[in-house]
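To start, the structure itself, in structure tokens.
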There are 2 protein chains.
Amino acid sequence: MSEQRQAESCEYLCVHQDTVEKVLDQMPPDEMLYDLAELFKVFGDSTRIKILYALFEEELCVCDIAQLLGITQTAVSHQLRVLKTNKLVKARKDGKNVFYSLADAHVYKIIGQGMEHIEE
Amino acid sequence: MSEQRQAESCEYLCVHQDTVEKVLDQMPPDEMLYDLAELFKVFGDSTRIKILYALFEEELCVCDIAQLLGITQTAVSHQLRVLKTNKLVKARKDGKNVFYSLADAHVYKIIGQGMEHIEE
DNA sequence: ATAATATATGAACAAATAATCATATGTGCA
DNA sequence: TGCACATATGATTATTTGTTCATATATTAT
């Protein structure tokens with residue numbers, strides 16, 4: 001069926017068939033590219049970026065983050081859930097508080113690379 | 001005004017004030033974090049990720065990309081515009097064709113870091 | 001047990017966005 | 001000049017998504 005859609009999409013065939021096939025060979029599976037987009041989507045929101053950046057320094061509880069960013073506790077909780085689901089932060093419960101911290105070093109690296117790009 | 005919202009956001013002050021202030025000191029300006037989110041938003045769509053990945057190999061014209069991904073030329077053009085606006089791809093005109101290629105090495109690096117994270 | 005606080009969650013709403021359709025622009029060729 | 005093709009663009013629409021509001025859950029102290 002993918003063949004059909006391709007046929008529809010480009011009727012007049014300017015296409016360099018050999019090039020297209022070569023590139024197609026080296027493309028990762030669709031599912032992986034989809035997951036990758038999903039990951040970047042998580043970074044693609046300023047509230048979540050701010051949360052991640054705040055956690056660069058040290059672990060913070062939900063209410064700390066809310067005050068830090070000047071947004072409601074509810075909004076923070078929702079976004080923390082997104083970040084946690086995508087394994088970008090981890091949670092540590094301590095009494096009534098839940099302290100969040102970065103899950104691993106990839107978060108630094110990804111954000112770092114992004115920073116480099118916009119600083120041009 | 002930011003002060004007011006902060007006060008509203010956390011009425012019961014579980015907040016560790018010293019920690020919050022320390023983190024606040026080290027946060028980049030809001031505008032930068034906003035730009036950063038905008039950049040990642042561009043990577044946060046599977047069509048655009050596929051286009052970028054396809055361009056890893058070599059430059060491609062619009063119609064090549066359309067066939068490669070099995071989507072319409074119009075959809076490709078729209079997304080290429082987003083990518084170009086954000087300086088992730090550059091265009092080279094050759095007769096009726098417009099060939100697109102990656103704008104710089106950051107694209108590789110950012111996607112590479114993302115890949116590392118999902119491969120776990 | 002009850003009250004107070006910290007966090008989480010579900011539903012609803014508003015804003016953002018990606019694809020589609022129709023059409024415009026630009027380029028090469030007869 | 002006129003036609004065919006490659007790409008771009010504007011408007012519309014359907015979907016996604018972030019916030020808010022109301023409320024639920026969990027923990028501590030009285």
Side-chain angles (χ1 to χ4, degrees), chain A residues 5 8-16 19-20 33-34 37-52 59-86 89-100, chain B residues 5 8-16 19-20 33-34 37-52 59-86 89-100:
Chain A
R5 299 202 57 193
E8 286 166 10
S9 68
C10 193
E11 303 172 38
Y12 307 121
L13 296 187
C14 67
V15 172
H16 311 83
T19 307
V20 168
L33 294 171
Y34 183 79
E38 288 304 301
L39 174 66
F40 285 121
K41 206 172 285 182
V42 178
F43 287 90
D45 174 79
S46 60
T47 298
R48 287 192 292 264
I49 283 283
K50 286 179 188 177
I51 292 175
L52 291 174
E59 64 173 16
L60 295 167
C61 73
V62 178
C63 201
D64 286 343
I65 298 173
Q67 167 150 355
L68 193 56
L69 306 189
I71 60 180
T72 63
Q73 171 268 315
T74 301
V76 173
S77 269
H78 278 299
Q79 297 306 344
L80 282 171
R81 195 162 73 88
V82 174
L83 293 170
K84 196 178 170 190
T85 301
N86 286 275
V89 303
K90 59 188 181 219
R92 176 179 72 83
K93 196 162 188 177
D94 179 26
K96 282 186 293 187
N97 290 316
V98 178
F99 287 90
Y100 284 85
Chain B
R5 300 201 58 192
E8 286 166 9
S9 67
C10 194
E11 303 173 36
Y12 307 121
L13 296 187
C14 66
V15 172
H16 311 83
T19 305
V20 168
L33 295 171
Y34 183 80
E38 288 303 301
L39 174 66
F40 285 122
K41 206 171 285 182
V42 179
F43 287 90
D45 174 81
S46 60
T47 297
R48 288 191 293 263
I49 283 283
K50 287 179 187 178
I51 292 176
L52 292 173
E59 66 173 14
L60 294 167
C61 74
V62 178
C63 202
D64 286 342
I65 299 173
Q67 168 151 353
L68 193 58
L69 306 189
I71 61 180
T72 63
Q73 171 269 315
T74 301
V76 173
S77 269
H78 278 300
Q79 297 306 342
L80 282 171
R81 196 163 74 89
V82 175
L83 293 170
K84 196 178 169 189
T85 301
N86 286 274
V89 303
K90 57 188 180 216
R92 175 179 72 82
K93 196 163 189 176
D94 178 27
K96 280 187 294 188
N97 290 317
V98 178
F99 287 90
Y100 284 86

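Letters go in sequence order (proteins before strands), and every chain restarts at 1.
- Rounded to a whole Å, the CG atom of B/D45 is 17 Å from the P atom of C/dA16.
- Within the 4.0 Å cut-off from OP1 or OP2 of C/dA8, at least one side-chain nitrogen or oxygen of A/Y100 is found.
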Protein-nucleotides 9-12 of chain C N/O pairs under 3.5 Å:
unit_1 : atom_1 : unit_2 : atom_2 : d
C/dG10 : O6     : A/H78  : NE2    : 2.9

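- To the nearest angstrom, C1' of C/dT17 lies 12 Å from CD of B/E38.
- Nearest heavy atoms, B/V76 versus B/A66: CG2-CA, 3.7 Å.
- Following rounding to the nearest Å, A/N86 (CG) and D/dG18 (P) show an atom-to-atom distance of 11 Å.
- Remark: P of D/dT20 and CD1 of A/I71 are 8 Å apart, rounded to the nearest angstrom.
- A rotation axis mapping the C1' atoms of four pairs onto the next four is fitted at both ends of the helix from C/dA1-D/dT30 to C/dA30-D/dT1 over five pairs, and the angle between these axes is 20° to 10 degrees.
- Of all the heavy atoms in A/S46 and B/A37, the pair that sits closest is N-CB, 3.4 Å.
- Taking atom CG of residue A/L60 and atom C1' of nucleotide C/dT7, one finds them 15 Å apart after rounding to whole Å.
- Partners of B/F99 according to the ring-ring contact (aromatic ring centres under 6.0 Å, His included) rule, which considers only residues two or more places apart in sequence or in another chain, are A/H16.
- For D/dT27, the OP1/OP2 oxygens have no side-chain nitrogen or oxygen of A/N97 closer than 4.0 Å.
- Here CD1 of B/I49 is found 9.0 Å from CG of B/L83. Values are rounded to the nearest 0.5 Å.
- Contacts of A/F43 classified as ring-ring contact (aromatic ring centres under 6.0 Å, His included), with partners at least two apart in sequence or in another chain: B/F40.
- If you take CD1 of B/I65 and P of D/dA6, they are 14 Å apart, rounded to a whole angstrom.
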Polar atom pairs (N or O), protein with nucleotides 25-30 of chain C, under 3.5 Å:
unit_1 : atom_1 : unit_2 : atom_2 : d
C/dG26 : O3'    : B/K93  : NZ     : 3.3
C/dT27 : OP1    : B/K93  : NZ     : 2.9

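- Between A/R48 atom CZ and C/dA16 atom C1' the separation is 13 Å, expressed in whole Å.
- For B/R92, the salt bridge (Lys or Arg N to Asp or Glu O under 4.0 Å) partners at least two apart in sequence or on another chain are B/E59.
- Atoms NZ and SG, from A/K96 and A/C61 in turn, are 11.5 Å apart once rounded to the nearest 0.5 Å.
- Remark on DNA chain D: of its neighbouring residues A/Q79 and B/V98, the 5'-side contact belongs to B/V98, judged by nearest-heavy-atom nucleotide.
- Under the 3.5 Å distance criterion, the side-chain polar atoms of A/R48 are matched with a main-chain donor or acceptor of A/K41.
- A close approach under 4.0 Å does occur between a side-chain nitrogen or oxygen of B/K41 and OP1 or OP2 of C/dT17.
- If you measure from atom OH of A/Y34 to atom P of C/dA18, you get 13 Å, rounded to the nearest angstrom.
- Between A/E38 and A/V42, the closest side-chain pair of non-hydrogen atoms is not below 4.5 Å.
- Looking at heavy atoms from C-beta onward, B/I65 lies in side-chain contact with B/L80 at the 4.5 angstrom threshold.
- The CG atom of A/L68 sits 11.0 Å away from the SG atom of A/C63 when rounded to the nearest 0.5 Å.
- Residues A/I51 and A/L69 approach most closely at CG1-CD1, 3.6 Å, considering heavy atoms.
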